[in-house]
Amino acid sequence: MSEISKKRKIAILTSGGDAPGMNNVIHAVYKTVKAMNSEKQTNKNLSPEEKKPWELLLIKGGYQGILKKEIFEIDDYWKQLITNSTKIGGTILGSARFKAFEEEETRKKAKRILDEFGVGVLIAVGGDGTFAGLQKLSELGIQCIGIPGTIDNDVVSTDVTIGFDTALNTVVEAIDRIRDTSNSHSRISIVEVMGRHCGDLAIHAAVNADLVATPGNPKIPEHELINIVKDLHHKQSLSSIVVLVTENLYDVKKLAKNIEQELKVETRATVLGQIQRGGAPSASDRYLATMMGIFAVEQADKKGDSSVIIALQGNKLTVLPIHVALSMQRSDRSAAVSKILRLSGIFYKK
Ligand code: F6P
């Protein structure tokens, strides 16, 4: 089989925690494949082989969907779903965290199934966990293209991930609501934000809060955090104090109790949880997702079969070999955190 025939089927899946904008990627990939196919038909410079249309297959339920052979051609049902999905959150393909994909045997089986369906290129939307799976799959001889989609913004190779902007807006709206009720009752509120081990959601939302604590840069020990809240309360006579913390740092219910005991001020803790993952994608996420989807198909259509991750770097879309993207180090956020804390008159350095 020639290189072109081999590459004629692209499959797409979404994996890991869902993120608003994933549907926009699927939509952009679908539309780009369609447009490319009709352009090729009218291009007189292409050989019959090169004119062969691309075919897009959909995989449901992430990597697990490959093993379950949940691989579909696009019929009228899917066409309608894809077309109507651009303004809705979640992912129409479904997603999963599939531990078994870390095992070589599972990946080999997945490769055999992809071969059976004639898939030459696999596009996966997700985070670093998804990309680690892609890297291993590409080593088995399938061209893989990763698109960063996660609300956490923890994919180091890209300036921003699909879903981050929407989640950030959800967090800010939640903080504003919590602020209203905290003001009315002169309370202290602790708000736990997602991010896994990345503080970006909390840091970006923190300009609307009084204090922020993130996993690194620096991580504030609990007793010091309580002292800072105490200081804020005594020195600044604020009608309320809103403290944002990234998940996995403190037991926020306990933290609220300890603050209440120490300061004798009513304190409540709110864990925003999965509410941050849902909702219609923001305009910004729709745009980013669409551009990345288009770019992914353009990469697939290029000669060669390099496996890459798509990234936005300094406002420009680019590609990086998967292993390079995965080995990049997170940049230090401490300067931003210090500046935000300084707005509240807190000078915290560790
Ligand atoms: O990666 C996205 C994310 O929402 C993280 O912020 C969070 O730690 C995790 O997923 C929660 O996953 P689940 O919904 O499976 O509990």
Side-chain angles (χ1 to χ4, degrees), residues 14-29 89 91 123-132 134-135 144-172 193-208 212 214-217 244 246-247 276-277 279 281-299 306-340:
T14 51
S15 162
D18 62 341
M22 282 181 163
N23 290 331
N24 302 79
V25 176
I26 300 161
H27 178 260
V29 167
T91 159
I123 297 177
V125 192
D128 278 343
T130 302
F131 300 158
L134 271 191
Q135 166 66 23
C144 295
I145 300 176
I147 298 184
T150 160
I151 65 160
D152 298 338
N153 207 37
D154 60 350
V155 175
V156 180
S157 51
T158 186
D159 293 345
V160 61
T161 56
I162 296 163
F164 176 66
D165 182 67
T166 308
L168 178 60
N169 281 293
T170 305
V171 171
V172 169
V193 174
M194 276 187 169
R196 203 177 290 271
H197 303 297
C198 172
D200 280 12
L201 268 177
I203 295 170
H204 286 244
V207 292
N208 305 280
V212 61
T214 62
N217 320 309
L244 277 191
T246 300
E247 63 179 346
Q276 298 158 94
R277 286 236 297 269
S282 67
S284 210
D285 272 329
R286 293 180 200 200
Y287 181 74
L288 179 66
T290 302
M291 286 303 161
M292 285 189 168
I294 296 169
F295 200 57
V297 179
E298 288 168 355
Q299 292 307 310
S306 44
S307 288
V308 291
I309 298 300
I310 290 175
L312 184 74
Q313 293 186 342
N315 234 358
K316 202 171 170 296
L317 286 180
T318 185
V319 289
L320 293 115
I322 306 179
H323 69 277
V324 172
L326 288 175
S327 64
M328 288 173 76
Q329 294 298 310
R330 167 157 295 279
S331 66
D332 187 7
R333 307 288 206 256
S334 53
V337 173
S338 298
K339 282 178 191 179
I340 292 166

S.K.: Which pair of non-hydrogen atoms, one from Ala19 and one from Ile151, has the smallest distance, and what is that distance?
M.R.: CB-N, 4.0 Å
S.K.: How many angstroms lie between CD1 in Ile123 and CE in Met292, if you round to the nearest 0.5 Å?
M.R.: 13.0 Å
S.K.: Phe295 vs Ile147, test: side-chain contact (heavy atoms from CB on, under 4.5 Å). Steps then yes/no.
M.R.: CA-CA 10 Å; Phe295 200 57; Ile147 298 184; over 6 Å; no
S.K.: Any idea which heavy atoms bring Gly127 and Thr150 closest together, and the distance?
M.R.: CA-CG2, 4.2 Å
S.K.: Looking at Val171 and Gln276, what are the two nearest heavy atoms and their distance?
M.R.: CG2-OE1, 3.5 Å
S.K.: Quick one: CG on Leu201 to OG1 on Thr246, what's the gap to the nearest 0.5 Å?
M.R.: 8.0 Å
S.K.: So do Phe131 and Pro148 actually touch side chain to side chain, heavy atoms under 4.5 Å?
M.R.: yes
S.K.: What distance separates Gln135 CD from Leu326 CG, expressed to the nearest 0.5 Å?
M.R.: 6.5 Å
S.K.: Work out which heavy atom in Ile162 is nearest to a heavy atom in Ala289; give both atom names and the distance.
M.R.: CD1-CA, 3.6 Å
S.K.: Once you round to the nearest 0.5 Å, how far does CZ of Arg333 lie from CD1 of Ile340?
M.R.: 11.0 Å
S.K.: How many angstroms lie between atom CD1 of Ile310 and atom CE of Met291, to the nearest 0.5 angstrom?
M.R.: 12.5 Å
S.K.: Would you indicate whether the side-chain heavy atoms of Thr170 and Met194 approach each other to under 4.5 Å?
M.R.: no
S.K.: Minimum heavy-atom separation for Asn153 to Cys198, with atom names?
M.R.: O-SG, 3.9 Å
S.K.: May I ask you to test the Thr290-Tyr287 pair for a side-chain heavy-atom distance under 4.5 Å?
M.R.: no
S.K.: Quick one: do Thr91 and Asn23 satisfy side-chain contact (heavy atoms from CB on, under 4.5 Å)? Show the steps, please.
M.R.: CA-CA 5 Å; Thr91 159; Asn23 290 331; 4.1 Å; yes
S.K.: Short question: side chain of Asp285, backbone of Gly163 - any donor-acceptor pair under 3.5 Å?
M.R.: yes
S.K.: Nearest 0.5 Å please: distance from the OG1 atom of Thr158 over to the CD1 atom of Ile309.
M.R.: 10.5 Å
S.K.: Among Asp165, Thr166, Asn169, exactly one meets side-chain contact (heavy atoms from CB on, under 4.5 Å) together with Pro20. Which residue is that?
M.R.: Thr166
S.K.: Could you go through Gln313 and Leu320, starting from their C-alpha distance and side-chain angles, then the distance that decides it, and tell me whether this counts as side-chain contact (heavy atoms from CB on, under 4.5 Å)?
M.R.: CA-CA 11 Å; Gln313 293 186 342; Leu320 293 115; 3.8 Å; yes
S.K.: Work out which heavy atom in Thr161 is nearest to a heavy atom in Asp154; give both atom names and the distance.
M.R.: CG2-N, 4.4 Å
S.K.: State, without any angle test, whether Arg286 and Ser284 hold a side-chain donor-acceptor pair at a distance under 3.5 Å.
M.R.: no
S.K.: List the steps, then state whether side-chain contact (heavy atoms from CB on, under 4.5 Å) holds for Leu244 with Asn208.
M.R.: CA-CA 9 Å; Leu244 277 191; Asn208 305 280; over 6 Å; no
